[in-house]
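Worksheet: one structure, shown below.
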Amino acid sequence: MIRFDYARPTAVAEALQAGAGTHTAYLAGGTNLVDLMKENVARPLQVVDINRLPLNRIEELDGGGLRLGALVTNNDTAYDSRVQERYPLLASAILAGASPQLRNAATNGGNLNQRTRCYYFYDVDTPCNKRNPGEGCGAIGGVNRIHAILGTSEQCIATHPSDMCVALAALDAQVQVSGSAGDRTIPFADYHRLPGDEPSRDNTLQPGELVTAIDLPEDSFATNYTYLKLRDRLSYAFALVSAAVAMRLGDDGRIAECRVALGGVAHKPWRQPEAERLLIGEQPGESVFQAVADAVLRGAIGRGKNDFKIELARRVVVRALGQAAARTPQSQTDKRIA
Amino acid sequence: MNASTKIGIGTPLSRVDGVDKVTGAAPYAAEYNVANLLYGVTVSSRIAKGKITAIDEAAARAVPGVVDILSHANRPKQAWLDRSWKDELSIPGEPFKAFHDAQILFAGQPIAVVVAETFEAARFAASLLEVTYEGEAHNIDFEASLAEKFLPKPGSRRNNYHPPKSRGDAQAAFNEAAVSHEATYHLAPEHHNPMEMHATTVEWHGDGKVTVYDKNQGSQGVQAYLASAFGLGKKNVRVVNAYVGGGFGSGLRPQWQVQVATMATIHLERSVRVVMTRAQMFTHGYRPECTYTVKLGAEHTGKLTSIMGDATTSTSRFENNMEDIVTWGMMNYASPNIHGEYAIAPRDTYTSADMRAPGAATGMTLFEIAIDEMAYKAKVDPLEFRLINYSEVDGMNQTPFTSKALREAYREGAERFDWDQRSPEPRSMKEGRELIGWGVATGMWDAQFSKTSASAKLNANGHLEVACATSDIGTGTYTVMVQVAADTLGVAPEQITAKLGDSDLPTAPVEGGSWGAASTGAAVQLACETIAKKLFKAAGKMDSKPLGDAKFEDVEFVEGTIRRKDAGGQPLALTEVMRASEFTVIEAEETASPGIGGMISMAQKSRNTHSAIFCEVRVDEELNQVRVTRIVNAVAAGRIINPKTARSQILGGVTMGIGMALHEETFADARLGRWMNHSFAEYHIPAQADIHDIEVIFVDEPDAEVTPLGVKGLGEIGIVGTAAAVANAIYHATGTRVRSLPITIDKLMG
Ligand SMILES: Cc1cc2nc3c(=O)[nH]c(=O)nc-3n(C[C@H](O)[C@H](O)[C@H](O)COP(=O)(O)OP(=O)(O)OC[C@H]3O[C@@H](n4cnc5c(N)ncnc54)[C@H](O)[C@@H]3O)c2cc1C
Ligand code: SF4
């Protein structure tokens, strides 16, 4: 860990000012940033502790949605009665992640901005383009069992590790951002990015910009939904593959709308609108689910040790669609898969 | 003797150190805040092999608070001869010597330590050290290392390897067998990762005298090692390991942090603390990776006619770590023809090391998967198959056991598990989308006894202190000592203090191999018996003759008194004897050793613990998520001193076995020559959600011969075979046989 300056502003404007320079980092729950600093992966010279900012509320939005403050903890979000009732998909995804202790410290803004769990990224004695652009990607040709199969580049095959974000992608959330150039709203699909030639950038946040809130649209998919996560142990492990499904059935029992987002497979929560469209007007059933799974996974590439993820993801999509259609969402406490 | 008045052995006494541990009052090695302490942060090698060509210290030294930087270039004098670096459990080869020279032998090797007035300054400065290397070709890939495998010379120097004994013509019997099975099994490397990281606080007393608070499993072994390696003289080194946050074998041999901390202390003549990071916990010993080919031949009935094993485990290039892999199956089953082969394969890592039930946890487990496969081939129920091939004697050495209640373990375990409700066909039990599988396996471990001394001291106020240099690595040794003392002298446990984990105390071997309870317990018993005799003698001198003409054999020590077994006269309080004889204290020190009788018995008889493990798994039929929903482990381990701590040992062993079956694996990047998942986020051990019902049964197994107390030890048996029971249950559930542990989702996808 290196030496750094520390500021603890109480207003957003002050925070933006303190965070404006180069080599700055916002500190929220610290469950990711502090780890990375200890490992010398993150080396900020200025740490701006944002925990005193007034961003710790969950508020109703005009028009029916909910605004989740960036500093509300993951657990407070998941256990909020409005979230539980109206956005059970989000609550479920959050509770599928990390451990209670971590979720009590982790914040919504931090969850969005947490960095990949790629082993090489975390180990400064190995090459990594994300940590050190141009150094090469250790994971390609290396230990890549947990790596991405979709949207990768020859520069980077890392995944975005969040569970929460997979649900937010399915819900079409919006990210509220403040920066020196003013405030803006980023649709969730545009928030995280693919590695391309610039793997060091995880998302489209500009330097110094601060996430202030996450807006959930009114459309909450509280009836037909699920978050299904497969991992190497039954708790406290990142997803090998996960799927968030938000579905709406018409009165005739046919699918009126459906969103499928995958976690653990790409540099961002993965959605494939074309594949989702295949479901519209269909009766829920194994064969259409299979077709959707194939379409979602189209173009997937294994890198050796993660080849199994392609087939696993396919099966996860099929099962998750089945769970959502049957209104038997995956429980995050009983680990039996519904 | 009236059993109900007897306290101590056999009672579920809660850990006597429990409250201190959970309240934080029990200090661990990194928690001794001695005055004027310096903090050392160790820098680890980036490369796997080669040498250091330069270390640029300028930036690091410029950090305020940095006191010094030590490396091979400026380290203090250390012993040159490998002989001087031998530890209690040294193995053939050249022991690792931190900062010895510029050579790099493995990735993560400690190459320098930055010592500063604060931990933060040391850590920051350590990140600024610029090291230049000249790399060499290396190999840490196990498959590739097999090309270099070799057979170590049995019996050479301190080599604890016993070559398997062959009998008959196993190959011919295999060729002719009506039913045969041949397959190769694999176990991934595992790192011990006890909760407490290896740490040392060396307190400098001046004049070359040090107290070393160190995480290890044997204070006196480390004392001798440091005295020899750094030329300190034994009397100048005291080693304390009063509390150890788990070991699993990683503390059997001195770890490198104790070298680094001691070196820095000697060099700077100040107290220094060095703590490994979690990542550095992956830069020393680990359970060797193993490949094991098993060949079995049997008659149509399932009666085995041939057992053949050929195993290779990984070691380093500088030491030969060997394990008994192939012997377990041959010892446990009856077969007229047996043959075993074994080799080790060197690679550019630190030397592999003993980890909970070394050899057996690997060899017995993998063998028990093969036995399961054979049972299916012979179309015999897997439990029945084991009974058909039950061996009353040690199948390899052809010696009788001091006791072997494995048959009872199978029976009691099967009953509790409802094994007879099992449907034989794989993939035939199902609930919803979960395939249900039931598997069984056998466990086996040594029941050892090691020469150990203990002292006892009874004060006039009735307080008893018992002491021994042994370690309590979470196994419950403190509690066992209290119980044995309570049992022998009839003193209430609350009146007894146990002291251990200090090289100044009576001599004890390193804690491992599950011999602690049996050996320390026996020594404590002897010391307390000597006190009892002294008390009896003193009572005899009392004018009132309270015990009449009773001989020592006629009295018993219960409830803080001596009393006649025939209930004649009044019970005589121990404190009364002390008062009457004007003793302020009575002391005794005794040594328990196998003795000549024990040595003869050891040569003529095998001494082992056994277990039968039954497991239920539920596996999602498409997604292959595995849940271990039920385990019954029936253990035959002689006399149980404390059913509560004993059960805990088995629960821990079973949990670790589930980890071996499903989770634990250290991934190697062969190109970089390093372990990659060196953190608890990515090196998986079972979480709470992975553990469901575990039922432990202790089978009655009286055994007066195995050790003085009839105790066999329990630290290791719980892990042996457990992973096989899980693997066999997964096969029964899914019909997919995975022969490489751990069984992760990708392997079940086929
Ligand atoms: C062992 C372990 C297991 C875990 N398992 C899971 C899991 O299974 N699933 C899962 O989803 N997560 C998991 N997590 C990750 C956890 O969810 C994240 O660490 C957490 O959400 C990060 O939130 P934080 O508030 O602590 O962020 P911090 O650590 O404070 O910050 C993380 C990053 O976000 C930036 N940041 C924080 N807030 C803002 C803001 N408002 N605007 C702009 N930038 C910001 C910081 O600068 C930093 O770069 C695990 C973590 C650990 C350590
Ligand atoms: S996958 Fe990305 S994060 Fe991992 S080593 Fe390659 S570049 Fe770095």
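- Contact between Ile2(A) and Ser127(B) at its shortest, heavy atoms only, is CG2-OG, 4.1 Å.
- Salt-bridge check for Asp620(B) with Arg319(A): passed, with a basic side-chain N closer than 4.0 Å to an acidic carboxylate O.
- At a 4.5 Å heavy-atom cutoff, the contact between Val63(B) and chain A is made by side-chain atoms alone.
- In this structure, CZ on Arg123(B) lies 11.0 Å from CZ on Arg3(A), to the nearest 0.5 angstrom.
- Between the side chains of Asp123(A) and His678(B), at least one donor N or O lies within less than 3.5 Å of an accepting N or O.
- Between chain A and the options Met749(B), Arg618(B), His663(B), Glu120(B), heavy-atom pairs under 4.5 Å are most frequent for Met749(B).
- In this structure, the portion of Asn40(A) lying under 4.5 Å from any heavy atom of chain B is its side chain and not its backbone.
- Rounded to the nearest 0.5 Å, atoms CD1 (Ile685(B)) and CZ (Arg233(A)) are 6.5 Å apart.
- In terms of heavy atoms, Ala237(A) sits closest to His684(B) at CB-NE2, 4.0 Å.
- Heavy atoms of Phe238(A) lying under 4.5 Å from chain B belong exclusively to its side chain.
- Distance check: Lys747(B) NZ to Phe308(A) CZ gives 11.0 Å after rounding to the nearest 0.5 Å.
- Residues Lys38(A) and Thr277(B) are not in side-chain contact: their nearest non-hydrogen atoms beyond the backbone lie 4.5 Å or more apart.
- Annotation: Glu136(B), atom CD; neighbour count of heavy atoms from other residues, nucleotides and ligands within 6.0 Å is above 12.
- Using a 4.5 Å cut-off between heavy atoms, Asp334(A) touches chain B through its side chain atoms alone.
- Residues Arg336(A) and Glu431(B) are paired through a salt bridge, judged by an N-O separation under 4.0 Å between the basic side chain and the carboxylate.
- Taken from CG in Asp35(A) to OG in Ser679(B), the straight-line distance is 8.5 Å, to the nearest 0.5 Å.
- Between Ile337(A) atom CD1 and Glu434(B) atom CD the span is 7.5 Å, to the nearest 0.5 Å.
- Contact annotation for Thr629(B): neither backbone nor side-chain heavy atoms come within less than 4.5 Å of a heavy atom of chain A.
- Here the shortest heavy-atom pairing between Ala689(B) and Ser235(A) reads CB-CB, 3.6 Å.
- Using a 4.5 Å cut-off between heavy atoms, Ala121(B) touches chain A through backbone and side chain atoms alike.
- Using a distance-only test at 3.5 Å, with no hydrogens or angles considered, a donor-acceptor pair links the side chain of Gln625(B) to the main chain of Lys335(A).
- Interatomic distance, CG of Asp746(B) versus CG of Asp232(A), reported as 7.0 Å (0.5 Å rounding).
- A 6.0 Å sphere centred on CD of Glu143(B) holds no more than 12 heavy atoms belonging to other residues, nucleotides or ligands.
- Residues Tyr119(A) and Asp669(B) bring no donor and acceptor atom of their side chains to less than 3.5 Å of each other.
- Arg46(B) is not listed as a side-chain neighbour of Thr126(A), based on a closest heavy-atom distance of 4.5 Å or more.
- Residue Leu672(B) touches chain A through its side chain alone, counting heavy-atom pairs closer than 4.5 Å.
- The two residues Asn624(B) and Arg315(A) come nearest to each other via the heavy atoms ND2-NH1, 3.6 Å.
- Summarising the geometry of Arg117(A) relative to Ala681(B), their closest heavy-atom pair is NH2-CB, 3.6 Å, with the distance given to 0.1 Å.
- Residues Thr744(B) and Arg145(A) have side chains in contact (heavy-atom distance under 4.5 Å, counting atoms from C-beta outward).
- The two residues Leu623(B) and Leu228(A) make their nearest non-hydrogen contact at CD1-CD2, 4.0 Å.
- For chain B, no part of Val241(A) is nearby; none of its heavy atoms comes within less than 4.5 Å.
- The number of heavy atoms from other shown groups lying within 6.0 Å of CZ (Arg327(A)) does not exceed 12.
- Residue-environment remark: CD (Glu135(A)) exceeds the threshold of 12 foreign heavy atoms within 6.0 Å.
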What's the verdict on side chain to side chain contact (heavy atoms under 4.5 Å, CB included) for Leu312(A) and Ile745(B), showing C-alpha distance, side-chain angles and the deciding distance?
-> CA-CA 9 Å; Leu312(A) 184 63; Ile745(B) 286 179; 4.0 Å; yes
